[in-house]
> 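Once you've had a glance at the structure underneath, I'll fire off some questions.
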Amino acid sequence: MLAEEDFWRLVAVVGGQPEVQDDRPYEQLTSDLSEGPVERIIEFAETLAFKLWQLDRRELAVAVPPGADQLSDDGFLYARCAVVVAGPAAFDAVLADSSAFERFTSVEAAHADSILDVASNAYRKVTGKEWDHVEEYDYETGSNER
């Protein structure tokens, strides 16, 4: 895994605004990652998977604004991506208080799922091969028993 500060420095390239419907920041992050060794790409993927796994908590899965529908499994994953894209302060706030998660459950914030493709796109750019790496932490909804 990447050191915390290195991971968050890379994520900051996206701009900290998960609701923005723009692929260019994710393309820039892909480009930045592809300038380093393959190991760095894998470490980024591992760190991202761990962060998403940490956010895979029952109390967050049900933390939707009043009157809103329950999130689907994919919707919950995309909302967790939005938390990561928002940066370390948002990540820590959500872990400390599940009510801080609600703002990441919007349809607009779901665009943050683009971060899921960054490592595989960078890997393909560097090696010319398809990504076949399986991260140690499974970030799919329900993988974390918390």
> Any heavy-atom pair between the side chains of Leu60 and Phe76 that's under 4.5 Å?
yes
> Measure the spacing between CZ of Arg80 and CG of Asp113 and express it to the nearest 0.5 Å.
12.0 Å
> Which atom pair, heavy atoms only, marks the closest approach of Ala45 to Ala119?
CB-CB, 3.8 Å
> Identify the two heavy atoms, one from Phe104 and one from Ala90, that lie closest to each other, and give their separation to 0.1 Å.
CZ-CB, 3.8 Å
> Contact between Tyr26 and Asp117 at the side-chain level, heavy atoms closer than 4.5 Å - yes or no?
no
> Can you tell me if Asn144 uses its side chain to pair, donor with acceptor, with the backbone of Trp53 under 3.5 Å?
yes
> If you take all heavy atoms of Val11 and Val84, which pair is closest and at what distance?
CG1-O, 3.4 Å
> So, the side chain of Asp56 versus the backbone of Gly142: is there a donor-acceptor pair under 3.5 Å, distance only?
yes
> Answer yes if the side chains of Ser72 and Asp74 hold a donor-acceptor pair under 3.5 Å, and no otherwise.
no
> Could you tell me whether a side-chain N or O of Arg57 sits under 3.5 Å from a main-chain N or O of Ser98, the two making a donor and an acceptor?
no
> Extract all donor-acceptor atom pairs below 3.5 Å that involve side chains of residues 129-137 and protein atoms in other chains or at least two apart in sequence.
{"residue": "Glu130", "atom": "OE2", "partner": "Arg124", "partner atom": "NE", "Å": "3.2"}
{"residue": "His133", "atom": "NE2", "partner": "Glu46", "partner atom": "OE2", "Å": "2.6"}

> Quick check: closest heavy atoms across Lys125 and Ser34, and the distance to 0.1 Å?
CD-OG, 3.4 Å
> Closest heavy-atom contact between Leu48 and Ile115?
CD2-O, 3.7 Å
> State, yes or no, whether a side-chain contact exists between Glu140 and Leu77 at a heavy-atom distance under 4.5 Å.
yes
> Ignoring hydrogens and angles, state whether a donor on the side chain of His111 or Asp22 is under 3.5 Å from an acceptor on the partner side chain.
no
> Whether the side chain of Glu43 engages the backbone of Ala3 through a donor-acceptor N/O pair (distance < 3.5 Å, no angle test) should be reported.
no
> Could you tell me if the side chain of Leu2 sits less than 4.5 Å from the side chain of Phe50, heavy atoms only?
no
> Answer yes if Val20 and Tyr78 sit in the same cluster of Ile, Leu, Val, Met, Phe, Trp and Tyr residues linked by side chain heavy atoms under 4.5 Å apart, and no otherwise.
no
> Both conditions, 6.0 Å and 45 degrees, for the charged tip of Arg40 above the ring of Phe44: are they met here?
no
> Side chains of Gln17 and Glu108: does their closest heavy-atom pair fall under 4.5 Å?
no
> Which residues satisfy the salt bridge (charged side-chain N to carboxylate O under 4.0 Å, His left out) test with Asp6, sequence neighbours excluded?
Arg9
> Distance check, rounded to the nearest 0.5 Å: Arg24 atom CZ versus Ser31 atom OG?
14.5 Å
> If you compare all heavy atoms of Leu52 against all heavy atoms of Cys81, which two are closest, and at what distance to 0.1 Å?
CD2-N, 3.7 Å
> Going by the rule side chain to side chain contact (heavy atoms under 4.5 Å, CB included), which residues pair with Thr30 if we only count those two or more places apart in sequence or in a different chain?
Val118, Asn121, Ala122
> Atom OG1 in Thr141, atom CG in Leu55: separation rounded to 0.5 Å?
11.0 Å
